[in-house]
Amino acid sequence: MSEPALPAYVELEPGRFREDAGLAYEDYVVGHVFEHRPGRTITTTDNIWSSLLCLNLHPLHIDDVYASGTQFKKLLVSSLVTFGIVNGMTVKTISQRAVANLGWDKVRLSAPVFVGDTLYAETTITGKRPSGSRPGEGIVTVHTVGRNQDGVQVIEFDRTVLAAMRRPGAPATDAGPETPGPETPRS
């Protein structure tokens with residue numbers, strides 16, 4: 001049996017291993033799709049605390065009596081909570097080893113999320129290229145979709161990360177086409 005394509009552990013010494021989540025630049029392959037698990041069930045505490053932390057005082061997110069009189073008939077989960085949880089689900093694979101997040105684009109909320117919904121996420125690698133200004137690093141773009149327990153898409157967004165190359169001095173080999181992407185200079 002050959003070594004796994006994306007090893008999840010590093011052997012520190014014989015019989016001793018460390019978890020090694022995340023991808024190096026060389027591991028991102030344009031077109032590959034990652035399903036992020038486990039799913040995450042949204043609680044009232046998640047919604048209310050996160051809404052208040054972000055100073056979102058709209059009663060639709062924090063006042064059950066008010067929310068019961070709206071078209072939703074119950075608390076609506078704040079879009080920032082939905083975004084934060086779905087994006088957070090992707091970190092272990094997509095950006096655990098990244099140098100930096102460069103940005104999010106085209107965030108779209110396509111269906112409401114309610115307390116008690118369970119969210120799942122999947123990410124498609126949409127582009128990558130070596131950085132023109134940061135040797136040993138590359139720009140990776142991805143598209144993430146979040147769905148609820150019924151498979152209904154509730155959010156989608158594009159994300160760009162700066163990823164370290166495993167072998168910075170080696171020529172960059174990509175399993176997919178190089179694609180242009182944003183690059184933000186860092187000071």
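Along the sequence shown, residues are numbered consecutively beginning with 1. Worth saying up front: this structure is predicted, and the values here are computed from it rather than measured.
Within the 3.5 Å criterion, the main-chain N or O of L162 finds no donor-acceptor partner in the side chain of E137. Not one N or O on the side chain of H36 forms a donor-acceptor pair closer than 3.5 Å with the backbone of E122. In this structure, the side chain of N47 does not engage the main chain of T44 through any donor-acceptor pair within 3.5 Å. A distance-only check finds a donor-acceptor pair linking the side chain of K128 to the backbone of Y25 [under 3.5 Å]. Using modelled atom types, one side-chain atom of S110 and one backbone atom of Q153 make a donor-acceptor pair closer than 3.5 Å. No donor-acceptor pair closer than 3.5 Å links the side chain of D150 to the backbone N or O of V152. In this structure, T93 contributes its side chain and T90 its backbone to no donor-acceptor pair below 3.5 Å.
Once rounded to the nearest 0.5 Å, the distance linking CG of D64 with NZ of K74 reads 10.5 Å. Here the CG atom belonging to D27 is positioned 4.0 Å from the CZ atom belonging to R166, to the nearest 0.5 angstrom. Interatomic distance, F157 CZ to H143 NE2, rounded to the nearest 0.5 Å: 9.0 Å. With rounding to the nearest 0.5 Å, the separation of CD1 in I125 from NE2 in H32 is 9.0 Å. Between the CZ atom of R97 and the CG atom of L23 there is a distance of 8.0 Å, given to the nearest 0.5 Å. Rounding to the nearest 0.5 Å places OG1 of T144 at 11.0 Å from CZ of F34.
Shortest non-hydrogen contact noted between R159 and I94 is NH1-CG2, 3.9 Å. Nearest heavy atom pair, residue P38 against residue M89, reads O-CE, 3.4 Å. Between F114 and I42, the shortest heavy-atom contact is O-CB, 4.3 Å. The shortest non-hydrogen separation linking D46 to V81 is O-CG2, 4.1 Å. The shortest non-hydrogen separation linking G146 to V86 is CA-CG1, 4.1 Å. Counting all heavy atoms, side chain and backbone alike, L76 lies closest to P112 at CD1-CB, 3.5 Å.
With contacts defined as side-chain heavy-atom distances shorter than 4.5 Å, the pair E156/K106 does not qualify. Taking the side chain as every heavy atom from C-beta outward, W104 and N87 approach each other to under 4.5 Å. In this structure the side chain of V77 never reaches within 4.5 angstrom of the side chain of D117, judged on heavy atoms. Annotation: side chain of M165 is in contact with side chain of P130 (closest heavy-atom distance under 4.5 Å). Between L52 and I62 there is a side-chain heavy-atom pair separated by less than 4.5 Å.
Considering T126, D158, T160 as possible partners of T141, the one that fulfils the side-chain hydrogen bond (donor to acceptor under 3.5 Å, both in side chains) test is T126.
Residues Y66 and L75 do not share a hydrophobic cluster, defined by chaining ILVMFWY side chains whose heavy atoms lie under 4.5 Å apart. L109 and V145 fall into different hydrophobic clusters, defined by Ile, Leu, Val, Met, Phe, Trp and Tyr side-chain heavy atoms under 4.5 Å apart, directly or through other members. Clustering ILVMFWY residues whenever any of their side-chain heavy atoms sit less than 4.5 angstrom apart, transitively, puts V91 in a cluster other than the one holding L119. Side-chain heavy atoms closer than 4.5 Å link hydrophobic residues (I, L, V, M, F, W, Y) into clusters, and following such links, possibly through other members, connects V115 to I85. Note on I48 and L57: same hydrophobic cluster, where clusters join Ile, Leu, Val, Met, Phe, Trp and Tyr whose side-chain heavy atoms are under 4.5 Å apart, directly or indirectly.
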